[in-house]
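Residue numbers start from 1 in every chain, and the chains themselves are labelled A, B, ... in the order their sequence lines are given, proteins ahead of strands.
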Number of protein chains: 2
Amino acid sequence: MDVTLATGSAWTDPACPVARTVDLIGDRWSLLIIRDAMDGATTFTEFHQRLGIARNILTDRLRKLVEHGILDKSAATNSRRHTYRLTEAGQDVFTTIVALRQWGERHAFAPDEPHSILVDDQGRELPELHPLGQDGAPLSAEASHVRKTA
Amino acid sequence: MDVTLATGSAWTDPACPVARTVDLIGDRWSLLIIRDAMDGATTFTEFHQRLGIARNILTDRLRKLVEHGILDKSAATNSRRHTYRLTEAGQDVFTTIVALRQWGERHAFAPDEPHSILVDDQGRELPELHPLGQDGAPLSAEASHVRKTA
DNA sequence: TCCAATAAGTTTCAAAATGCAACCTATTTG
DNA sequence: CAAATAGGTTGCATTTTGAAACTTATTGGA
């Protein structure tokens with residue numbers, strides 16, 4: 001896993017893990033590429049068709065995601081065709097995708113508006129995800145704060 | 001809560017809650033503004049100083065976040081000073097911020113690199129957040145898939 | 001075997017978003 | 001009442017994004 005940004009660029013806020021994550025994957029296309037990779041997309045063309053993204057931008061984002069260790073690009077020998085697969089770090093974005101999805105379900109749809117649903121192997125919808133304290137009780141933003149490291 | 005995008009613009013992928021969320025708050029500055037709002041920032045100047053963002057961009061992002069029902073802008077009577085506070089929908093982004101933070105802690109720092117820490121009222125670090133299936137066992141991306149609505 | 005289609009890009013150019021710096025104009029504060 | 005502060009706006013340069021056409025290697029089929 002790569003823990004650096006492109007040469008010449010700098011972290012927006014080097015000490016903050018939220019900011020570093022946003023620098024690495026926090027733009028609309030990268031997050032949607034990761035979403036589709038989790039749902040089975042593996043090739044340039046698949047991503048292009050699912051997302052309706054401009055080809056040059058897709059090229060750029062795939063390259064950066066590979067650079068940052070989120071995707072792995074494997075070229076089938078002597079072929080132009082290759083596949084992109086999530087690395088372990090990429091798979092680990094799952095929690096964030098679920099959080100984004102559930103927020104959207106709660107706040108970005110009118111009550112009667114239909115939307116896609118994330119289900120498990122048995123077709124059951126996922127329970128809501130919420131941060132818990134060490135006592136196991138739900139923890140809110142007000143009940144927590146950021147401690148800066150010296 | 002608003003559930004629409006600015007006039008003239010359209011959702012990137014209307015049926016997907018992940019995509020809608022990304023359209024609403026999935027750009028670097030919006031997420032960092034929400035992060036800082038959760039950590040106590042309330043005024044234009046505070047956001048500006050903490051983020052080092054250009055003033056015109058900050059103006060634009062605050063306006064959009066208010067429009068989208070993430071922030072609430074309250075003007076103290078006959079004063080230029082006002083405060084921005086998270087709405088309930090804004091508070092609810094907490095789960096996503098925690099997910100982004102924990103991913104960053106796991107994958108965007110070298111083992112010896114220091115970073116800020118999110119702690120509860122007692123100063124204890126938060127447990128890791130992971131999606132669970134209905135049986136209570138951790139659920140991975142491979143064990144789930146998106147079901148489109150007809 | 002040859003021809004068309006497919007995959008995965010690259011290039012070019014226009015349009016939109018971002019960023020910096022200077023400016024503005026009410027309110028406070030000393 | 002003068003200076004500092006808060007919360008912007010404006011103008012302009014740079015960067016990023018996007019649409020569309022072009023490229024180049026494989027492949028699959030007649």
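Of the residues in residues 13-25 of chain B, not one places a heavy atom less than 4.0 Å from an atom of DNA chain D. Listed by residue number, B/T43, B/F44, B/T45, B/R55 are the residues of residues 31-55 of chain B with a heavy-atom contact under 4.0 Å to DNA chain D.
Ranking D/dG8, C/dG19, D/dT27 by closeness to the A/R81 side chain, first place goes to D/dT27. You'll find that the side chain of A/H82 is closest to C/dA8, out of C/dA8, C/dG19, C/dT10. In the set D/dG7, C/dG9, C/dT11, the nucleotide with an atom closest to the side chain of A/N56 is C/dT11.
Partners of B/E88 by side chain to side chain contact (heavy atoms under 4.5 Å, CB included), not counting sequence neighbours, listed by chain and number: A/H107.
Whole-Å rounding puts the A/I57 CD1 to C/dG9 P distance at 14 Å. Atoms CG (B/D60) and P (D/dT10) sit 13 Å apart, rounded to a whole Å. The distance between atom CG of A/L58 and atom C1' of C/dT10, rounded to the nearest whole Å, is 13 Å. Distance, A/R28 CZ to C/dA17 P: 10 Å, rounded to whole Å.
At D/dT16, none of the side-chain N or O atoms of A/K64 fall inside 4.0 Å of OP1 or OP2 (strictly under the cut-off). At D/dT17, none of the side-chain N or O atoms of A/W29 fall inside 4.0 Å of OP1 or OP2 (strictly under the cut-off). Contact between the side-chain N/O atoms of A/Y84 and the OP1/OP2 oxygens of C/dG9 is found at a separation under 4.0 Å.
No hydrogens or angles considered: nothing links the side chains of A/H115 and A/E113 as a donor-acceptor pair under 3.5 Å.
A salt bridge does not link A/D13 to B/R50: none of the charged nitrogens lies less than 4.0 Å from a carboxylate oxygen. Between B/R63 and B/D60 there is a salt bridge, with a side-chain nitrogen of the basic residue lying less than 4.0 Å from a carboxylate oxygen of the acidic one.
Interatomic distance, B/E125 CD to B/D120 CG, rounded to the nearest 0.5 Å: 10.0 Å. Remark: B/R55 CZ to B/I53 CD1 distance equals 11.0 Å, nearest 0.5 Å. We find the CG-NE2 distance between B/D39 and A/H145 to be 8.0 Å, quoted to the nearest 0.5 Å. The CG atom of B/D121 lies 10.0 Å from the CD atom of A/E142; values are rounded to the nearest 0.5 Å.
Summarising the geometry of B/Q102 relative to B/L129, their closest heavy-atom pair is OE1-N, 2.8 Å, with the distance given to 0.1 Å.
If you check every strand for non-hydrogen atoms under 4.0 Å, B/R61 touches sugar and phosphate atoms only.
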